[in-house]
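Residue numbers run from 1 in the order of the sequence given. Since the model is a prediction, treat every value here as computed from it, not as a measurement.
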Amino acid sequence: MTTDTSTQNSHGIANYEALKTAIANNEAQRIKELLAGKSMQQLEKDYLLDLARLDDNRTIIALLEAVPVRK
């Protein structure tokens, strides 16, 4: 069985862009939904945390800090 990596990548990119938008809009509930059961690479996590720290929203920062890092 093969997987379509282009579809997986587009879903991953869309999810990442949705996370960036939700962080910019301070939508903690939406971020929680987007992060449910997900992991991300350290570089992605660091960038999203930097973005969240611009508004100093502790709820969003805590949600992002709890995301597991994938190797």
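- For D55, there are no side-chain hydrogen bond (donor to acceptor under 3.5 Å, both in side chains) partners, not counting sequence neighbours.
- Judged as a salt bridge (Lys or Arg N to Asp or Glu O under 4.0 Å), and not counting sequence neighbours, the contacts of K20 are E17.
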Below 3.5 Å, can you tabulate the donor-acceptor pairs from side chains in residues 56-71 to any protein atom, sequence neighbours excluded?
unit_1: N57; atom_1: OD1; unit_2: T59; atom_2: N; d: 3.1
unit_1: N57; atom_1: OD1; unit_2: I60; atom_2: N; d: 3.2
unit_1: N57; atom_1: ND2; unit_2: N26; atom_2: OD1; d: 3.3
unit_1: R70; atom_1: NE; unit_2: S39; atom_2: OG; d: 3.4
unit_1: R70; atom_1: NH2; unit_2: S39; atom_2: O; d: 3.0

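- Between the NZ atom in K38 and the OH atom in Y16 there is a gap of 15.0 Å [rounded to 0.5 Å].
- Of the residues listed (T21, I23, L48), the one engaging I31 in a side-chain contact (heavy atoms from CB on, under 4.5 Å) is I23, and it is the only one.
- M40 contributes atom CE, which lies 7.5 Å from atom CG of N15 (distance to the nearest 0.5 angstrom).
- Between atom CG of residue L19 and atom CD of residue E44 there is a gap of 9.5 Å, rounded to the nearest 0.5 Å.
- Heavy-atom contacts from other residues, nucleotides or ligands closer than 6.0 Å to CG of L54 number more than 12.
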